[in-house]
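What follows is a single structure, written as C-alpha coordinates, with notes after it.
All values reported here derive from a predicted model rather than from experimental measurement. Order of the sequence lines fixes the chain letters, A, B, ..., with proteins taken first and strands second; residue numbering starts at 1 for each chain.
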Amino acid sequence: MPELPEVETVRRGLAPAMEGRTILRAEQRRPDLRWPLPKRFAERLTGRRVLRLGRRAKYILADLDGGETLIVHLGMSGRMLVSGGMLGEFVHAHGGDGKHDHVILDMEGGARIVFNDARRFGAMDLWPSERIGEHWLLKDLGPEPLSNGFNGDWLAARLSGRFTPVKAALLDQKIVSGLGNIYVCEALHRAGISPKRMAGSISAARIGRLAEAINATIADALAAGGSSLRDYRQADGELGYFQHSFLVYDREGESCRREGCGGTVRRVAQSGRSSFYCASCQR
DNA sequence: ATGTGTTCCTGTCCGC
DNA sequence: TGCGGACAGGAACACA
(Lines give C-alpha, C1' and ligand atoms only; values in the text may rest on other atoms or scores of the structure.)
Protein backbone atom coordinates (compact mmCIF):
# COMPACT_ATOMS: atom_id res chain seq x y z
CA MET A 1 0.00 0.00 0.00
CA PRO A 2 2.15 2.76 1.25
CA GLU A 3 4.98 4.73 -0.23
CA LEU A 4 7.02 7.39 1.52
CA PRO A 5 4.23 10.00 1.85
CA GLU A 6 1.75 7.48 3.23
CA VAL A 7 4.28 6.02 5.67
CA GLU A 8 5.28 9.47 6.88
CA THR A 9 1.62 10.38 7.31
CA VAL A 10 1.06 7.22 9.34
CA ARG A 11 4.12 8.06 11.45
CA ARG A 12 2.79 11.53 12.18
CA GLY A 13 -0.57 10.04 13.14
CA LEU A 14 1.03 7.57 15.53
CA ALA A 15 3.43 9.99 17.18
CA PRO A 16 1.01 11.59 19.68
CA ALA A 17 -0.13 8.18 20.87
CA MET A 18 3.33 6.62 21.03
CA GLU A 19 6.14 9.10 21.56
CA GLY A 20 7.19 9.37 25.18
CA ARG A 21 4.71 6.65 26.14
CA THR A 22 5.30 3.21 27.54
CA ILE A 23 3.99 0.08 25.87
CA LEU A 24 1.90 -1.35 28.70
CA ARG A 25 0.97 -4.52 26.88
CA ALA A 26 1.97 -6.12 23.59
CA GLU A 27 0.14 -8.95 21.87
CA GLN A 28 1.45 -11.04 19.00
CA ARG A 29 -1.35 -12.97 17.36
CA ARG A 30 0.61 -15.02 14.85
CA PRO A 31 4.23 -16.16 14.62
CA ASP A 32 5.05 -14.44 11.36
CA LEU A 33 4.23 -11.65 8.96
CA ARG A 34 6.30 -11.78 5.80
CA TRP A 35 9.06 -13.30 7.89
CA PRO A 36 9.03 -14.81 11.37
CA LEU A 37 8.72 -12.17 14.07
CA PRO A 38 11.73 -11.93 16.37
CA LYS A 39 12.15 -14.18 19.39
CA ARG A 40 10.12 -13.18 22.44
CA PHE A 41 8.73 -10.28 20.45
CA ALA A 42 5.85 -9.29 22.72
CA GLU A 43 7.97 -9.67 25.86
CA ARG A 44 10.67 -7.45 24.46
CA LEU A 45 8.12 -4.72 23.69
CA THR A 46 6.25 -4.84 26.96
CA GLY A 47 7.27 -2.16 29.43
CA ARG A 48 9.44 -0.31 26.89
CA ARG A 49 9.01 3.40 26.45
CA VAL A 50 8.97 4.84 22.93
CA LEU A 51 11.64 7.52 22.94
CA ARG A 52 11.09 8.67 19.39
CA LEU A 53 9.13 7.65 16.34
CA GLY A 54 11.14 8.04 13.14
CA ARG A 55 11.09 6.93 9.55
CA ARG A 56 13.57 5.75 6.94
CA ALA A 57 12.20 5.29 3.42
CA LYS A 58 9.08 3.15 3.85
CA TYR A 59 10.08 1.93 7.31
CA ILE A 60 8.71 3.31 10.57
CA LEU A 61 11.33 3.18 13.32
CA ALA A 62 10.33 3.32 16.97
CA ASP A 63 13.35 3.86 19.21
CA LEU A 64 12.71 2.19 22.55
CA ASP A 65 14.40 2.65 25.89
CA GLY A 66 16.64 -0.32 26.51
CA GLY A 67 18.45 0.29 23.24
CA GLU A 68 16.30 -1.54 20.70
CA THR A 69 14.39 -0.11 17.77
CA LEU A 70 11.13 -1.53 16.50
CA ILE A 71 11.17 -1.64 12.70
CA VAL A 72 7.80 -1.68 10.93
CA HIS A 73 7.16 -2.11 7.23
CA LEU A 74 3.59 -1.98 5.94
CA GLY A 75 4.09 -3.95 2.74
CA MET A 76 1.14 -3.59 0.38
CA SER A 77 -1.81 -3.77 2.73
CA GLY A 78 -0.43 -3.04 6.19
CA ARG A 79 -1.99 -0.43 8.44
CA MET A 80 -1.24 0.98 11.85
CA LEU A 81 -4.57 1.86 13.38
CA VAL A 82 -5.03 3.95 16.50
CA SER A 83 -8.05 3.83 18.75
CA GLY A 84 -8.92 4.84 22.26
CA GLY A 85 -7.05 7.37 24.30
CA MET A 86 -8.42 9.50 27.06
CA LEU A 87 -10.69 12.51 26.70
CA GLY A 88 -11.09 11.96 22.98
CA GLU A 89 -7.47 12.79 22.51
CA PHE A 90 -7.22 10.08 19.88
CA VAL A 91 -9.82 9.32 17.30
CA HIS A 92 -11.58 5.97 17.50
CA ALA A 93 -10.51 4.79 14.12
CA HIS A 94 -9.83 1.15 14.56
CA GLY A 95 -11.52 -0.11 11.43
CA GLY A 96 -9.56 -3.34 11.74
CA ASP A 97 -11.30 -6.56 10.91
CA GLY A 98 -9.97 -8.67 13.78
CA LYS A 99 -9.07 -11.40 11.35
CA HIS A 100 -5.94 -9.63 10.17
CA ASP A 101 -5.02 -7.81 13.35
CA HIS A 102 -1.59 -9.33 13.88
CA VAL A 103 0.08 -7.17 16.52
CA ILE A 104 -1.60 -5.05 19.18
CA LEU A 105 0.09 -2.48 21.41
CA ASP A 106 -1.71 -0.94 24.36
CA MET A 107 -0.04 2.34 25.18
CA GLU A 108 0.29 4.33 28.32
CA GLY A 109 -2.34 7.06 27.93
CA GLY A 110 -4.96 4.62 26.72
CA ALA A 111 -4.33 4.40 22.99
CA ARG A 112 -4.41 1.03 21.27
CA ILE A 113 -2.24 0.53 18.20
CA VAL A 114 -3.26 -2.30 15.88
CA PHE A 115 -1.06 -3.58 13.08
CA ASN A 116 -3.51 -4.96 10.52
CA ASP A 117 -2.27 -6.53 7.30
CA ALA A 118 -4.47 -8.74 5.14
CA ARG A 119 -1.82 -9.72 2.61
CA ARG A 120 0.92 -10.04 5.18
CA PHE A 121 3.67 -8.60 3.01
CA GLY A 122 4.47 -6.35 5.92
CA ALA A 123 7.23 -6.98 8.42
CA MET A 124 8.38 -6.14 11.92
CA ASP A 125 11.71 -6.62 13.61
CA LEU A 126 13.70 -5.49 16.63
CA TRP A 127 17.28 -4.35 16.23
CA PRO A 128 19.89 -2.51 18.32
CA SER A 129 19.26 1.23 17.88
CA GLU A 130 22.94 2.09 17.70
CA ARG A 131 23.42 -0.13 14.69
CA ILE A 132 20.10 0.42 13.00
CA GLY A 133 21.78 1.29 9.72
CA GLU A 134 23.27 -2.19 9.59
CA HIS A 135 19.93 -3.96 9.52
CA TRP A 136 19.66 -6.07 6.38
CA LEU A 137 16.48 -4.30 5.26
CA LEU A 138 17.96 -0.84 5.72
CA LYS A 139 21.65 -1.07 4.92
CA ASP A 140 21.42 -0.75 1.14
CA LEU A 141 18.74 1.93 0.94
CA GLY A 142 19.59 4.89 -1.26
CA PRO A 143 18.96 8.50 -0.24
CA GLU A 144 15.40 9.69 0.08
CA PRO A 145 13.73 12.40 -1.93
CA LEU A 146 13.99 15.80 -0.25
CA SER A 147 17.19 14.79 1.54
CA ASN A 148 20.61 16.36 1.06
CA GLY A 149 21.98 13.23 -0.53
CA PHE A 150 19.43 13.19 -3.31
CA ASN A 151 19.87 15.44 -6.33
CA GLY A 152 20.38 15.38 -10.08
CA ASP A 153 24.05 14.54 -9.80
CA TRP A 154 23.41 11.53 -7.61
CA LEU A 155 20.62 10.30 -9.82
CA ALA A 156 22.64 10.79 -13.00
CA ALA A 157 25.50 8.80 -11.53
CA ARG A 158 23.21 5.96 -10.56
CA LEU A 159 21.31 5.83 -13.85
CA SER A 160 24.44 6.03 -15.96
CA GLY A 161 25.11 2.86 -17.90
CA ARG A 162 21.87 1.21 -16.82
CA PHE A 163 20.08 -0.80 -19.50
CA THR A 164 16.77 -0.95 -17.72
CA PRO A 165 13.67 1.20 -18.14
CA VAL A 166 13.82 4.29 -15.96
CA LYS A 167 10.57 3.12 -14.35
CA ALA A 168 12.29 0.03 -12.97
CA ALA A 169 15.35 2.03 -11.89
CA LEU A 170 13.26 4.46 -9.83
CA LEU A 171 11.48 1.59 -8.09
CA ASP A 172 14.89 0.26 -7.04
CA GLN A 173 15.23 1.36 -3.40
CA LYS A 174 19.03 1.31 -3.68
CA ILE A 175 18.96 4.15 -6.19
CA VAL A 176 16.40 6.33 -4.45
CA SER A 177 14.36 5.13 -1.52
CA GLY A 178 10.73 5.66 -0.64
CA LEU A 179 9.22 5.74 -4.11
CA GLY A 180 6.68 3.17 -5.25
CA ASN A 181 4.47 2.62 -8.25
CA ILE A 182 2.28 5.69 -7.82
CA TYR A 183 4.93 8.31 -7.26
CA VAL A 184 7.29 6.96 -9.91
CA CYS A 185 4.49 7.26 -12.47
CA GLU A 186 3.60 10.72 -11.24
CA ALA A 187 7.17 12.01 -11.17
CA LEU A 188 7.95 10.69 -14.65
CA HIS A 189 4.92 12.48 -16.03
CA ARG A 190 5.89 15.65 -14.24
CA ALA A 191 9.36 15.40 -15.78
CA GLY A 192 8.02 14.56 -19.25
CA ILE A 193 9.96 11.29 -19.40
CA SER A 194 8.54 8.01 -20.67
CA PRO A 195 8.65 5.14 -18.16
CA LYS A 196 9.95 2.96 -20.99
CA ARG A 197 13.00 5.10 -21.70
CA MET A 198 16.25 3.35 -20.87
CA ALA A 199 17.71 4.80 -17.68
CA GLY A 200 21.17 5.25 -19.16
CA SER A 201 19.91 7.13 -22.21
CA ILE A 202 18.59 10.23 -20.46
CA SER A 203 20.57 13.47 -20.65
CA ALA A 204 22.02 14.96 -17.50
CA ALA A 205 19.78 17.99 -17.85
CA ARG A 206 16.64 15.88 -18.03
CA ILE A 207 17.79 13.78 -15.08
CA GLY A 208 18.18 17.01 -13.14
CA ARG A 209 14.59 17.86 -13.93
CA LEU A 210 13.57 14.34 -12.98
CA ALA A 211 15.16 14.70 -9.55
CA GLU A 212 13.29 17.97 -9.08
CA ALA A 213 10.05 16.35 -10.25
CA ILE A 214 10.52 13.54 -7.72
CA ASN A 215 11.08 16.04 -4.92
CA ALA A 216 8.10 18.15 -5.92
CA THR A 217 5.82 15.14 -6.25
CA ILE A 218 6.78 13.80 -2.83
CA ALA A 219 6.50 17.23 -1.22
CA ASP A 220 3.01 17.74 -2.66
CA ALA A 221 1.90 14.27 -1.60
CA LEU A 222 3.21 14.82 1.93
CA ALA A 223 1.32 18.08 2.17
CA ALA A 224 -1.85 16.26 1.12
CA GLY A 225 -1.43 13.50 3.69
CA GLY A 226 -0.58 10.91 1.05
CA SER A 227 -2.98 9.11 -1.25
CA SER A 228 -6.02 7.12 -0.16
CA LEU A 229 -6.83 4.36 -2.59
CA ARG A 230 -9.70 2.03 -1.85
CA ASP A 231 -10.27 2.15 1.87
CA TYR A 232 -6.80 3.07 2.97
CA ARG A 233 -6.76 5.52 5.82
CA GLN A 234 -4.21 7.33 7.90
CA ALA A 235 -3.54 6.16 11.42
CA ASP A 236 -6.09 8.60 12.78
CA GLY A 237 -8.78 7.49 10.33
CA GLU A 238 -8.48 10.54 8.09
CA LEU A 239 -8.16 10.10 4.35
CA GLY A 240 -5.21 11.49 2.44
CA TYR A 241 -6.30 13.39 -0.62
CA PHE A 242 -3.37 13.37 -3.03
CA GLN A 243 -5.25 10.85 -5.22
CA HIS A 244 -7.30 13.77 -6.48
CA SER A 245 -4.11 15.28 -7.85
CA PHE A 246 -2.95 12.24 -9.81
CA LEU A 247 -1.68 13.24 -13.22
CA VAL A 248 -1.58 9.73 -14.64
CA TYR A 249 -1.81 7.02 -11.98
CA ASP A 250 -5.01 4.96 -12.31
CA ARG A 251 -6.20 7.30 -15.09
CA GLU A 252 -6.05 4.94 -18.07
CA GLY A 253 -8.09 6.27 -20.98
CA GLU A 254 -8.52 9.70 -19.40
CA SER A 255 -7.02 12.83 -20.88
CA CYS A 256 -3.57 14.04 -20.01
CA ARG A 257 -3.65 16.84 -17.46
CA ARG A 258 -0.65 18.67 -18.85
CA GLU A 259 -1.57 22.11 -20.15
CA GLY A 260 -2.15 21.99 -23.90
CA CYS A 261 -1.18 18.33 -24.33
CA GLY A 262 -4.48 16.69 -25.19
CA GLY A 263 -3.03 13.19 -25.07
CA THR A 264 -4.65 10.15 -23.49
CA VAL A 265 -3.22 8.30 -20.51
CA ARG A 266 -2.15 4.77 -21.31
CA ARG A 267 -1.41 1.80 -19.12
CA VAL A 268 1.36 -0.63 -19.92
CA ALA A 269 2.81 -3.50 -17.92
CA GLN A 270 6.46 -3.19 -16.97
CA SER A 271 8.10 -5.95 -14.96
CA GLY A 272 4.70 -7.12 -13.87
CA ARG A 273 3.42 -3.76 -12.70
CA SER A 274 1.23 -1.14 -14.29
CA SER A 275 2.82 2.02 -15.61
CA PHE A 276 0.56 4.94 -16.44
CA TYR A 277 1.85 7.60 -18.81
CA CYS A 278 1.02 9.95 -21.64
CA ALA A 279 2.78 8.98 -24.85
CA SER A 280 2.25 12.50 -26.23
CA CYS A 281 4.19 14.45 -23.65
CA GLN A 282 6.41 11.81 -22.07
CA ARG A 283 9.44 10.93 -24.14
C1' DA B 1 27.20 -7.32 -11.58
C1' DT B 2 22.93 -6.49 -13.79
C1' DG B 3 18.44 -7.41 -15.49
C1' DT B 4 13.98 -10.04 -15.45
C1' DG B 5 10.44 -13.00 -13.91
C1' DT B 6 8.34 -15.35 -9.89
C1' DT B 7 6.67 -15.53 -5.43
C1' DC B 8 4.64 -14.56 -0.97
C1' DC B 9 -0.97 -13.62 0.63
C1' DT B 10 -5.82 -12.02 0.72
C1' DG B 11 -9.41 -9.10 -0.98
C1' DT B 12 -12.01 -6.78 -4.52
C1' DC B 13 -13.78 -5.85 -8.84
C1' DC B 14 -15.35 -6.91 -13.47
C1' DG B 15 -17.23 -9.76 -17.17
C1' DC B 16 -19.83 -13.82 -18.22
C1' DT C 1 -25.18 -14.65 -7.20
C1' DG C 2 -21.56 -17.45 -8.48
C1' DC C 3 -17.18 -18.15 -10.59
C1' DG C 4 -12.78 -17.26 -12.78
C1' DG C 5 -9.30 -14.13 -13.81
C1' DA C 6 -6.95 -9.79 -13.37
C1' DC C 7 -5.15 -6.78 -10.37
C1' DA C 8 -3.59 -4.32 -6.00
C1' DG C 9 0.46 1.06 -2.84
C1' DG C 10 6.33 -4.11 -2.05
C1' DA C 11 10.44 -6.24 -2.60
C1' DA C 12 13.28 -10.53 -1.75
C1' DC C 13 14.72 -14.20 -4.31
C1' DA C 14 16.12 -17.35 -7.98
C1' DC C 15 17.88 -17.58 -12.18
C1' DA C 16 19.80 -15.99 -17.04
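In this model, the phosphate group of B:dC9 is not approached by any side-chain N or O of A:His100 to a distance below 4.0 Å at OP1 or OP2. Within the structure, a side-chain polar atom (N or O) of A:His73 is placed less than 4.0 Å from OP1 or OP2 of C:dA11. A:Gln173 has no side-chain polar atom (N or O) that falls below the 4.0 Å cut-off from OP1 or OP2 of C:dG10. Between A:Ser77 and B:dG11, a side-chain N or O to OP1/OP2 separation shorter than 4.0 Å is absent. Not one side-chain nitrogen or oxygen of A:Lys58 sits closer than 4.0 Å to the OP1 or OP2 atom of C:dG9.
Across all strands shown, C:dA14 forms a Watson-Crick or G-U wobble pair, both distances under 3.5 Å, with B:dT4.
If you measure from atom CG of A:Asp140 to atom P of C:dG10, you get 19 Å, rounded to the nearest angstrom. Rounded to whole Å, the distance from NZ on A:Lys167 to P on C:dG10 is 9 Å. In this structure, the OH atom of A:Tyr183 is 10 Å from the P atom of C:dG10, given to the nearest Å. Look at CZ on A:Arg79: it is 15 Å from C1' on B:dC9, rounded to the nearest Å. For the pair A:Leu179 CG and C:dA11 P, the interatomic distance rounds to 10 Å; values are reported in whole Å. What separates NZ of A:Lys99 from P of B:dT10 is a distance of 8 Å, to the nearest Å. Taking atom CG on A:Leu229 and atom C1' on C:dG9, their separation rounds to 7 Å, with Å as the unit. For A:Leu171 and C:dC13, the CG to C1' distance is 17 Å, given to the nearest whole Å.
The pair A:Arg251-A:Glu254 meets the salt-bridge criterion, since a charged nitrogen lies less than 4.0 angstrom from a carboxylate oxygen. Salt-bridge annotation for A:Glu68 and A:Arg48: absent, with no side-chain N of the basic residue lying under 4.0 Å from a carboxylate O of the acidic one. Salt bridge status for A:Glu212 with A:Arg209: absent, with no side-chain N to carboxylate O gap under 4.0 Å. Contact check on A:Arg190 versus A:Asp220 returns a salt bridge, with a Lys/Arg side-chain nitrogen under 4.0 Å from an Asp/Glu carboxylate oxygen.
Residues A:Val184 and A:Tyr249 have side chains not in contact (no heavy-atom distance under 4.5 Å, counting atoms from C-beta outward).
When distances run from any side-chain atom of A:Arg273 to the nucleotides B:dT10, C:dC7, C:dG10, the shortest one goes to C:dG10. Counting only heavy atoms from C-beta on, A:Arg120 has its side chain closest to B:dT10 among B:dT10, C:dA8, C:dG9. Among the nucleotides C:dA11, C:dA8, C:dA12, the one closest to any side-chain atom of A:Tyr249 is C:dA8. Taking the side chain of A:Trp35 as heavy atoms from C-beta on, and the options C:dC7, C:dA12, B:dT10, the nearest nucleotide is C:dA12. Here C:dA12 is the nucleotide among C:dC7, C:dA11, C:dA12 with the atom lying nearest to any side-chain atom of A:Leu137.
When the P atom is used for both B:dT6 and C:dA6, the distance is 13 Å, rounded to whole Å. On the P atoms, C:dG9 is 23 Å away from B:dG3, given to the nearest whole Å. Separating the P atom of B:dA1 from that of C:dA11 is a span of 22 Å, rounded to the nearest Å.
Across all strands, A:Arg34 comes closer than 4.0 Å to base atoms (heavy-atom distances).
The side-chain hydrogen bond (donor to acceptor under 3.5 Å, both in side chains) test with A:Tyr277 singles out one residue from A:Lys196, A:Gln270, A:His189, A:Arg267, and that residue is A:Lys196.
Heavy-atom contacts from other residues, nucleotides or ligands closer than 6.0 Å to CZ of A:Arg52 number 12 or fewer.
In this structure, A:Phe242 and A:Tyr183 have tilted ring planes: the angle between them lies in the 30° to 60° band.
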Please list, for nucleotides 2-6 of chain B, all pairs of protein and nucleotide N/O atoms separated by less than 3.5 Å.
unit_1 : atom_1 : unit_2   : atom_2 : d
B:dG3  : OP1    : A:Phe163 : N      : 2.6
B:dG3  : OP2    : A:Arg162 : NH1    : 2.5
B:dT4  : OP2    : A:Thr164 : OG1    : 2.9

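The nearest heavy atom of DNA chain C to A:Lys174 and to A:Arg119 marks one nucleotide each, and the one closer to the 5' end goes with A:Arg119.
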Test side chain to side chain donor-acceptor pair (under 3.5 Å) on A:Lys167 and A:Asn181 and set out the steps.
CA-CA 9 Å; A:Lys167 167 75 186 301; A:Asn181 208 31; 2.8 Å; yes
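C:dA11 has no base stacking with the ring of A:Phe121 when judged by centroids under 5.5 angstrom apart and an interplanar angle below 30°.
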